[in-house]
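The analysis underlying the following values was restricted to heavy atoms, covering all of them including side chains, and did not include hydrogens, waters or symmetry mates. Labels below follow one simple rule: chain letters A, B, ... track the order of the sequence lines, proteins then strands, and each chain is numbered from 1.
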Amino acid sequence: MAKKIGILGAGKLGTVLGQLALKAGYQVYIAGSGSAEKIALTTEILLPEAQALTAKEVLAKTDTVILALPLGKYKSLSVEQLAGKLVIDAMNYWWEVDGQRPELTDVSSSSSELVQNYLKKSVVIKAFNHMGYHDLYDEAKPKGQNNRKAIAIVGDNKDAVQKVAVIVDDFGFDPLDEGSLMQGIRMEPGSPVFGANLKYNELKERLLSFETTKRGAAAKKAGNPAVKLGGKF
Amino acid sequence: MINPGKIIFGLDSFGDIPRENADKVFTQAEAIRQVIKEAKMADELGIDVIALGEHHRADYAISSPDTVLAAIASITKKITLATGVTVLSSDDPVRVYERFATLEAISNGRAEAVLGRGSFTESFPLFGYDLQDYDVLFEEKLDLYSKLLEERPVTWKGSTRAALKDADVFPKTDNGKIATRIAVGGSPESVVRTARYGFPLTLAIIGGSPERFKAYIELYKKAAAKFEQQTYPVAVHSHGVIADTDEEAIELGWNHIRASFVRIGQDRGWTPMSREQYESEVQNGSFYVGSPETVAKRIARMLKTLDAGRFELVYGAGELSASARERTIELYATKVIPRVRELLREE
Ligand SMILES: NC(=O)c1ccc[n+]([C@@H]2O[C@H](COP(=O)([O-])OP(=O)(O)OC[C@H]3O[C@@H](n4cnc5c(N)ncnc54)[C@H](OP(=O)(O)O)[C@@H]3O)[C@@H](O)[C@H]2O)c1
């Protein structure tokens, strides 16, 4: 049976991740903010074998779902519909879209922790957020090919991180387990890996250098425990 | 396949500020006059379109592109006078119509409005708009603008501006319609909207492989068919610099185009573009950087892959000097464009 994946958000990122999922042989269910009809045409052309549905229907079909909507709208997600799901958070705070929302970029924790706090009944894993959408499309390479780029994954539930690692691998990237969810701060906009498109070893090294950056120093000053502990390093 | 002889070639500028050396950088006023000079040059060299973007930032001098285009209109003969883009979301459709209809009159039918949401957001707070309303602003204003284009009295109601009742707007144009396109970035929804309103589509491809956009063009065509609208040849807008040798152009691109991407990216939290990323943009991505032969080959391949009918070279990014800008324009017009047509005919 084909692996299944749901995607909430049918914009730039959601459609590219959908394309990678289809290429990897997944059954893809995708939703925008509204009706299935609104994204039907986009889905038919860009994601020919995917099903365009409402968010609720997507969540009824699959236990694994990628969040590819604006971070500023995370509270429009239904806690109940997402209960028990493995949730892959690919969202970033983007002030040009989200407006000035200091709580979303607060360095004392990572944005994925906010999402996890809100989605109390789900397991939230952060991945796919630190590479631009057209690079995700261009850089995806089949398994075993060298020069593959890596995608960092963080999460508190190790089984779930394992599952996401398989998805990252299937989609065309080397998975890099980067520790607990709070380490997500190292992958956010303003961090040295954001938009860098690196191979596994380089990515690993660059994640470590977070403390040497302005944002890293600010996080440390704010008492962010991820930075103090230095993650799993 | 589009007839190689019919492909339209344009130049796009945001009114970047040329830097001549460590001490001498153009003032914004000088930068605007430089663009006017370049547009005249482009017209004389037979380039089809000059497109000027609207920005409200220190690094770009042009905030009022149609005013600059009006000046260009009076010293040029054939070149199409386009924007790239007019930020419709934070503008007033009635005024947009009036300004372009005026430009159309001044230029004797050479005006082209290129509307978009823009890749920057400065205009929103500046004109009192909320970024959260991004979508509804564009949708409603496009709706009104497309009604105004009919050049008949308009009755319209929406949430983003005062309603109109049988409002007749002037001047009327000689041709009966202002040429208008919509420019989009990577959002599939914007592609569908363009088709829904029946406008020609410009793809702003500022990074990554152009092949990725094939599906978007397919989406544009299918959407137009569904809404029973006409389609038009698609335009592509991308950055580049042309010099006598590849080496020279690659260094210029690194020091200027890449530098401007790094500066702009900083505000958005992007890591500076690496040499590897830069070179991949130059080789397979969306920077058209090199000698005339190299650039011509890349443009020809892109046009063929996408079956696009128009290419607009964004030139002068990142404080490129006036002389390097003029050299790019000259090589583009005299070497690259004829060579692209030739390459497409050979296939
Ligand atoms: N663009 C990138 O390169 C990139 C890379 C990595 C991560 N990201 C992150 O990915 C997210 C999406 O970015 P994007 O660039 O793809 O934005 P986008 O093109 O604007 O797409 C956002 C999508 O989310 C949908 N949406 C909004 N609220 C929703 C809800 N409650 N349920 C389901 N869908 C909803 C929107 O639908 P409507 O149109 O119906 O509102 C739209 O389809 C952001 O958090 C961004 O930071 C983006």
Side-chain angles (χ1 to χ4, degrees), chain A residues 10-16 18-19 30 32-34 38-48 70 72-73 92-101 105 129-139 147 149 187-199 202 206 209 213-215, chain B residues 117-122 124-125 129-135 184-193 195-196 205-227 261-262 264-274 276-277 280-281 284-286:
Chain A
K12 298 183 278 282
L13 181 70
T15 51
V16 165
Q19 287 169 325
I30 188 162
S33 68
K38 209 178 135 202
I39 61 162
L41 193 60
T42 301
T43 307
E44 184 193 322
I45 310 295
L46 299 183
L47 305 169
K73 296 197 172 147
N92 295 307
Y93 171 58
W94 213 246
W95 54 268
E96 290 169 284
V97 176
D98 298 321
Q100 292 305 323
R101 297 273 298 273
T105 181
N129 77 299
H130 63 80
M131 192 180 279
Y133 71 106
H134 51 73
D135 291 330
L136 282 164
Y137 182 91
D138 287 339
E139 298 278 9
N147 288 330
K149 298 291 161 69
M187 301 145 67
E188 291 181 359
S191 77
V193 306
F194 193 78
N197 304 350
L198 302 169
K199 287 178 223 145
E202 298 164 335
R206 200 72 85 80
S209 71
T213 64
K214 224 167 84 189
R215 193 167 160 82
Chain B
R117 309 204 296 186
S119 52
F120 294 98
T121 52
E122 285 86 0
F124 283 77
Y129 293 102
D130 189 344
L131 263 175
Q132 305 288 330
D133 302 333
Y134 200 85
D135 269 315
V184 311
S187 157
E189 206 193 319
S190 302
V191 173
V192 173
R193 172 168 32 222
R196 179 154 46 83
I205 309 187
I206 59 163
S209 67
E211 288 76 17
R212 197 172 54 81
F213 284 85
K214 255 175 109 155
Y216 281 58
I217 293 177
E218 173 82 4
L219 179 60
Y220 169 65
K221 290 181 181 158
K222 285 265 167 68
K226 182 180 153 191
F227 300 117
F261 272 62
V262 168
I264 291 161
Q266 255 167 11
D267 287 351
R268 296 169 173 168
W270 292 105
T271 313
M273 182 186 287
S274 66
E276 186 201 338
Q277 285 173 309
S280 117
E281 286 297 348
N284 306 302
S286 291

**Study point:** chain A contacts, top residue of B/Pro188, B/Gly185, B/Ala223 (heavy-atom pairs, under 4.5 Å)
**Key:**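 Option with the top pair count is B/Pro188.
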
Point to revise | When A/Glu96, A/Gln19, A/Lys12 are compared by non-hydrogen pairs under 4.5 Å with chain B, the top option | key: A/Glu96

Review point. With respect to chain B, which residue among A/Asp135, A/Thr213, A/Thr42 yields the maximal number of heavy-atom pairs within a distance under 4.5 Å?
Key: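 Counting heavy-atom pairs under 4.5 Å, the top option is A/Thr42.
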
Exercise for review: Would you please indicate if the ring centroids of B/Tyr134 and B/Tyr129 are separated by under 6.0 Å?
Suggested key: no

Side chain / backbone / both / neither for [X] at chain B, heavy atoms under 4.5 Å:
{"X": "A/Arg206", "answer": "side chain"}
{"X": "A/Trp95", "answer": "both"}
{"X": "A/Asn92", "answer": "neither"}

Exercise for review: Under the side chain to side chain contact (heavy atoms under 4.5 Å, CB included) rule, collect the residues that match up with A/Ser191, sequence neighbours excluded.
Suggested key: A/Val193, A/Phe194, A/Phe210

Exercise for review: Evaluate whether atom CD1 of B/Ile206 has more than 12 neighbouring non-hydrogen atoms of other residues, nucleotides or ligands under 6.0 angstrom away.
Suggested key: no

Review point. Given the rule in the side chain to side chain donor-acceptor pair (under 3.5 Å) test, do B/Ser209 and A/Asp138 qualify, once you have shown the distances and angles that lead to the verdict?
Key: CA-CA 7 Å; B/Ser209 67; A/Asp138 287 339; 2.7 Å; yes

Examine whether an atom of [X] lies under 4.5 Å from a heavy atom of chain A, and if so say whether it belongs to the side chain, the backbone or both; otherwise answer neither.
{"X": "B/Glu276", "answer": "side chain"}
{"X": "B/Ser286", "answer": "neither"}
{"X": "B/Asp267", "answer": "both"}

Review point. In terms of side-chain geometry, is the basic nitrogen of A/Lys73 or A/Asp98 positioned less than 4.0 Å from the acidic oxygen of its partner?
Key: no

Check your understanding: What pairs of residues pass the side chain to side chain donor-acceptor pair (under 3.5 Å) test when at least one of them lies in residues 210-221 of chain B, not counting sequence neighbours?
Key ->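 Output for this query lists B/Glu218-B/Lys222.
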
Check your understanding: For the side chain of A/Glu139 and the backbone of A/Leu136, is there at least one donor-acceptor N/O pair under 3.5 Å apart?
Key ->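 Checked: no pair found.
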
